[in-house]
Every structure is written in C-alpha cells, then in structure tokens.
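A short worksheet on the structure shown next.
Note that these values count all heavy atoms, side chains included, but never hydrogens, waters or copies made by symmetry.
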Amino acid sequence: MSATPRLGYGTNGFANHRLDEALAVIADLGYVGVALTLDHDHLDPFAPALPRRVAAVRRRLETLGLAVVVETGARYLLDPWHKHAPTLLHDDPTRRIEFLRRAVRIGADLGAEAVSFWAGVRPEPVAPRTAWDRLVAGCATVVDAAERVGVPLGFEPEPGMLVEDIAGWRRLRAALGDPGPFGITLDIGHCRCLEPWPVPQCVHEVAEHLVNVQIDDMRRGVHEHLEFGAGEIDFPPVLRALDDAGYRGLVAVELPRHSHAAPDVAARSLEFLRAAAESVGTDGPDHTDGPNDTRPLRVPAQATGAVRAAATGRRRE
C-alpha cells in the first residue's frame, strides 16, 4: 500500500460533545478529516445566522487541519416524533428536499469533499413504484443543486432502505441519466452485511464513482455498526482495495451509537486502522469476506491489548 488512508471520524459518534470540542478531540487524536453530520447541536442547518456559523466552522476546520465531508443522517432534525422523517419517499418531502439543498450549500461553503445522503425507508402506505418515482425526482433536484455549486454527491446504499445495495444505486444512477455529480458513499460494514461479493470486491465494483467512504465493522445479515475487531471484516484487504482503486478521499469511522465513550472509541479505532494499514502487503493474499465465510476474526498483529479487547464484544451503555 502506498500510504495510510486519509482517516476521519464521524461527528455522529460525538453526539454528547459540542461540535467545536468534538473537532478538537478528533484532530488531537491524529485524524485528518471529519464526517460532519448536520444536526441540532452540530451545525443545525435551520438555526438562525447560518452563513456566520458555517464560516466559523470552516475557520475551525482549517485551523485544526481537518478535511470534511457533510453527512445528512440526523435522526430527529426534521421531525421530533419520527426518526429520519420525512424522506424523499414521503407524501410531502418538502422539508427533506430543503434540508438536502441546504446541506449542498453548506458543503460548498465548507469546502467539503462530498455531501452524502440516502433514500430512506419506504412508508408502508406508499406503493413501491410511487416511492421509486419520488426518489428519482427528489434526487434530480439535489443533483441540480450540487451541479450549480460544484459539490460531489455521495448517495449511500443503506440496509433496509429503498436503495440498500450497490445494484440499487446503479439502477438509481441510470434512472437519473448518469449525472456527473452523483457518486456513491460506500459503508464498508454494509458491504459485509448484505452485498453478494467479498468486501474488497465491493470497493472495486464502485471505484469509478467512489466519493466517500464510511468504515466500521459488521456481521453478515446484521445491520449493527461495531467497533473494529468485533465483527467479521478482514480490514487489510479492504484498505488495499481502496488504495488499488485509486481512492484518495476520506475514510471516516462510522460508529453512531458510541458517543458515550467517544474519545476512547475514536482512539482505539485510529490505532486499529493504522495497524491494519501497516500490515497491508505483509498478510498474504486477500481473503474472502463472502456471505458464506466462516473464518475466525482477524485482528492486526500490531494492535495493542485495548484494541484486541474490542474483538471479544461490544461495549454498550
């Protein structure tokens, strides 16, 4: 491998920190970027004086030397009663579309490498065809906004959503007419969860359009973001695949349910990924992280006891 990936950390894993302090911790640990989820306490896109606040965050990022991608997966930002609602699939997606437009503008003002978003879960009363048509129409609006300001979009296939895998993303991109700004956000854990290929092959399948990478551990068939070593993914081949694919964007840790121990989890995650990167090229041929793979968990030899402990179970609160 020519270099360690550009590692970042998601602010959705620092939900109990003020944004300014979360950014400082992430930078002090040694990360070079941040995946910034727009949310109530982390740059609320609907709060007053947005341009002033965005400018302040950009200055802070530049001072700390952090690159940024913008994430839009806040749970209750748009509706205090319903998680992630409304989506582009609901009867009235107006607030979601406005949120995504604002996210694109914020991304441009922050100098973000990408703005990431997803389809949402189809509401039960909405027919599949209707949901699909709404998704295409909504995405076309977001693509238009991104084209105007020159920000790449990373559409994320999400387990359980209308578009949950790479095949669904390809279908959506084709329905949109293969627009230039419409790339893919690839969550490494999701690949293990439900894709038909080994995880490194998933990287190669989308290499041409890869604009954003989220990284976490996961088990086959279970959509649960795990600390590294607690799932089934063999990471050195994944990092090698990203390097072979020529991907030079951020690779941001995605552990949205670990805010209760954010600094410790972020430190362990960085140590694990650095050790995995160091072992690339020394661990033999790529292994098969396929759907029928039953290999024991592999933890990089360079990892310390704290990281190895994460492989025996998940700390929860």
Side-chain angles (χ1 to χ4, degrees), residues 5 7 9-10 12-13 35 71 73 75 83-84 118-119 121 156-161 163-169 184-206 212-242 251-262 264-266 268-273 275-277 279-280 283 285-301 303 305-317:
L7 296 173
Y9 202 91
N12 60 1
E71 299 281 353
R75 293 183 176 94
K83 178 182 174 182
H84 291 155
W118 35 242
V121 177
E156 181 188 1
E158 181 85 19
M161 292 191 178
V163 174
E164 66 175 2
D165 55 19
I166 291 170
W169 170 83
I184 188 169
T185 291
L186 191 68
D187 186 300
I188 298 302
H190 296 171
C191 295
R192 177 58 181 164
C193 179
L194 52 64
E195 294 289 354
W197 309 291
V199 179
Q201 185 178 341
C202 293
V203 173
H204 291 298
E205 290 288 331
V206 300
N212 184 30
V213 172
Q214 301 169 351
I215 195 164
D216 46 82
D217 213 341
M218 208 166 284
R219 301 186 181 101
R220 187 69 182 171
V222 182
H223 185 202
E224 182 180 16
H225 293 247
L226 302 173
E227 282 196 62
F228 300 105
E232 299 171 342
I233 298 174
D234 187 14
F235 283 93
V238 175
L239 299 181
R240 180 187 296 122
L242 288 168
V251 178
V253 176
E254 175 77 356
L255 291 173
R257 298 191 178 186
H258 290 69
S259 292
H260 63 280
D264 291 339
V265 173
R268 287 196 296 268
S269 299
L270 184 61
E271 181 187 5
F272 183 99
L273 291 171
S279 70
V280 170
D283 62 340
D286 285 359
H287 296 274
T288 303
D289 277 314
N292 298 316
D293 182 20
T294 58
R295 292 181 297 102
L297 302 183
R298 297 181 69 248
V299 181
V307 171
R308 288 180 173 277
T312 64
R314 180 185 179 197
R315 292 183 177 89
R316 300 197 65 175
E317 182 173 88

Distance from [X] atom [atom1] to [Y] atom [atom2], nearest 0.5 Å?
X: Asp234; Y: Ser279; atom1: CG; atom2: OG; result: 8.0 Å
X: Arg219; Y: Leu226; atom1: CZ; atom2: CG; result: 5.0 Å
X: Ile215; Y: Leu273; atom1: CD1; atom2: CG; result: 5.0 Å
X: Trp118; Y: Thr185; atom1: CH2; atom2: OG1; result: 12.5 Å
X: Arg268; Y: His258; atom1: CZ; atom2: NE2; result: 8.0 Å
X: Glu71; Y: Asn212; atom1: CD; atom2: CG; result: 5.0 Å

[X] side-chain N/O to [Y] backbone N/O, donor-acceptor pair under 3.5 Å:
X: Glu195; Y: Ile166; result: yes
X: Ser259; Y: Gly13; result: yes
X: Asp217; Y: Glu232; result: yes

State, to 0.1 Å, how close [X] and [Y] come at their nearest heavy-atom pair, and which atoms those are.
X: Val238; Y: Pro200; result: N-CG, 4.2 Å
X: Glu164; Y: Leu194; result: O-CD1, 3.5 Å
X: Leu186; Y: Cys191; result: CD1-SG, 3.6 Å
X: Trp169; Y: Pro157; result: CB-CG, 4.1 Å

Practice task
May I ask you to test the Ser269-Val265 pair for a side-chain heavy-atom distance under 4.5 Å?
Solution key: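 Of all side-chain heavy-atom pairs linking Val265 with Ser269, at least one is under 4.5 Å.
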
Practice task
Evaluate the side-chain proximity of Leu255 to Tyr9: yes if any heavy-atom separation is below 4.5 Å, no if none is.
Solution key: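 Yes; the side chains approach each other to less than 4.5 Å.
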
Side chain to side chain donor-acceptor pair (under 3.5 Å) involving [X] - partner list, sequence neighbours excluded:
X: Asp216; result: His225
X: Gln201; result: Glu205
X: Asp165; result: none

Under the side chain to side chain contact (heavy atoms under 4.5 Å, CB included) test, which residues partner [X], sequence neighbours left out?
X: Ala252; value: Ala35
X: Ala262; value: Phe14, His17
X: Cys193; value: Pro159, Met218, His223
X: Val121; value: Met161

Handout entry: Results of ring-ring contact (aromatic ring centres under 6.0 Å, His included) for His204 - residues two or more places apart only
Key =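 For His204 there are no ring-ring contact (aromatic ring centres under 6.0 Å, His included) partners, ignoring immediate neighbours.
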
Exercise for the section: For Glu158, check salt bridge (Lys or Arg N to Asp or Glu O under 4.0 Å) against everything at least two apart and list the hits. Expected result: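 Result, salt bridge (Lys or Arg N to Asp or Glu O under 4.0 Å) vs Glu158: none returned.
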
